[in-house]
Colleague: 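One structure coming up, written as structure tokens, with questions to follow.
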Number of protein chains: 2
Amino acid sequence: MPRQAILEALRKANKHFSTEELYHVVHKKYPAIGLATVYRTLELLCQIGLIFKFDFGDGLSRYELAVGPDQNHHHHLICTTCGRIIDFSELVEEETRVTRELENVLSKKYNFKIDSHQTHFLGLCEKCLSDLKGSDLSAATGTLK
Amino acid sequence: MPRQAILEALRKANKHFSTEELYHVVHKKYPAIGLATVYRTLELLCQIGLIFKFDFGDGLSRYELAVGPDQNHHHHLICTTCGRIIDFSELVEEETRVTRELENVLSKKYNFKIDSHQTHFLGLCEKCLSDLKGSDLSAATGTLK
DNA sequence: TTCTAATTGAAAATGATTATCATTTACATT
DNA sequence: AATGTAAATGATAATCATTTTCAATTAGAA
Ligand SMILES: [Mn+2]
Ligand SMILES: [Mn+2]
Ligand SMILES: [Zn+2]
Ligand SMILES: [Zn+2]
């Protein structure tokens with residue numbers, strides 16, 4: 001029952017859950033749940049391939065449903081300043097083409113069975129970019145008197 | 001001086017260093033070094049863009065030189081069972097093409113300044129694959145008497 | 001029901017990373 | 001050279017996500 005409750009919660013709200021976040025959500029419907037079980041179940045679902053695990057650089061793991069009816073193939077923009085995450089699926093066709101080719105070549109050359117892949121683009125989001133410009137400007141101009 | 005020692009160590013041996021590993025290496029040439037300084041310097045080099053930071057799924061951060069004279073653009077195969085890492089640069093031209101296109105589209109659409117990207121292929125390495133087959137076989141066959 | 005193995009929750013342990021703080025260093029100005 | 005000041009450093013403690021332990025509960029098979 002705990003496992004079902006966790007998977008259900010993951011299905012409903014589909015953003016990039018941390019373990020603790022998921023724990024709190026599940027806790028409402030299933031107050032007996034323990035944090036350790038959430039950790040264990042997430043690892044389980046990960047190995048089954050039902051969910052993906054990510055590290056977006058804020059010291060904890062995040063999860064989302066694997067590609068399926070509710071989720072389509074996409075990758076992530078990660079703001080290295082504020083941690084904002086943007087899902088994108090632009091150029092998926094192109095990306096899929098190259099990836100398939102790559103998986104072919106790699107699996108043969110290295111005898112490696114590829115289960116999934118993830119691509120991260122790191123940089124600065126709109127907001128952090130403008131914040132930076134602001135501080136640059138004030139730095140160049142000096143403190144106003 | 002500590003910083004130089006750290007960068008030098010990174011240049012010489014070009015594996016995927018963890019902080020602690022790097023600390024030990026530097027410690028030989030520069031015994032006064034503190035672990036905290038290694039952490040601080042690695043973050044610094046990361047922000048400058050001289051090195052890249054990775055999470056390969058073994059609970060610690062790993063680093064390598066950014067693309068330059070000593071390092072060429074590549075991505076990683078990660079064995080989710082034993083943690084083995086394989087660098088690959090097959091199909092770089094293709095990959096670079098799509099990536100450039102993608103960076104164009106994304107930076108415009110989301111007003112996002114892209115600094116770098118990383119692609120991980122997750123799966124099973126040759127060894128873990130054969131180990132798995134072995135255990136499957138014995139599981140199907142049952143324990144020999 | 002009875003037995004056994006898997007699952008679970010609570011709590012403790014682990015371990016990478018970060019924060020603190022007193023000391024040292026680098027370096028510009030006298 | 002002496003002085004002043006801010007940055008860098010090393011040692012240590014604190015943090016905090018994750019893992020481990022372990023006793024209790026549950027789920028099925030017999
Ligand atoms: Mn996503
Ligand atoms: Mn590499
Ligand atoms: Zn941002
Ligand atoms: Zn392996």
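We name chains A, B, ... by the order of the sequence lines, and we start the count at 1 in each one.
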Colleague: Provide, to the nearest angstrom, the distance between the NE2 atom belonging to A/His24 and the C1' atom belonging to D/dA17.
Modeller: 14 Å

Colleague: For B/Arg40 and for A/Val38, find the nucleotide of DNA chain C with the closest heavy atom, then tell me which residue's nucleotide is more 5'.
Modeller: A/Val38

Colleague: Take atom CZ of A/Arg3 and atom C1' of C/dT8, then tell me their distance rounded to the nearest Å.
Modeller: 9 Å

Colleague: For a quick check of understanding: with a heavy-atom distance under 4.0 Å over all strands, which category does A/Tyr23 fall into, base, sugar-phosphate or nothing?
Modeller: nothing

Colleague: Once the angle between the rings of A/His75 and A/His117 is folded into 0 to 90°, is it parallel (under 30°), tilted (30 to 60°) or perpendicular (over 60°)?
Modeller: tilted

Colleague: Under 4.0 Å: is that the gap between some side-chain N or O of B/Ser61 and OP1 or OP2 of C/dA16?
Modeller: no

Colleague: Against A/Arg97, only a single residue in A/Glu95, A/Glu101, A/Glu93 fulfils salt bridge (charged side-chain N to carboxylate O under 4.0 Å, His left out); can you say which?
Modeller: A/Glu101

Colleague: Can you figure out which of C/dT17, D/dT20, D/dG10 approaches the side chain of A/Ala36 most closely?
Modeller: D/dT20

Colleague: Name the closest nucleotide to the B/Leu35 side chain, picking from C/dT17, D/dT19, D/dT9.
Modeller: C/dT17

Colleague: B/Tyr39 OH to D/dA14 P: how many Å, rounded?
Modeller: 18 Å

Colleague: If you take all heavy atoms of B/Cys79 and B/Leu124, which pair is closest and at what distance?
Modeller: SG-CA, 4.0 Å

Colleague: Calculate the interatomic distance between B/Tyr30 atom OH and D/dT9 atom P; express it in whole Å.
Modeller: 7 Å

Colleague: With respect to the side chain of B/Thr37, which nucleotide from D/dA11, C/dG9, D/dT9 is positioned closest?
Modeller: D/dT9

Colleague: Could you work out which one of D/dA17, C/dT8, C/dA16 sits closest to the side chain of A/Leu60?
Modeller: D/dA17

Colleague: Strictly below 4.0 Å: does A/Thr19 bring a side-chain N or O up to OP1 or OP2 of D/dT18?
Modeller: yes

Colleague: Does the ring centre of A/His16 sit less than 6.0 Å away from the ring centre of A/Phe56?
Modeller: yes

Colleague: Between C/dT8, C/dG9, C/dA16, which nucleotide has the shortest distance from any of its atoms to the side chain of B/Glu20?
Modeller: C/dA16

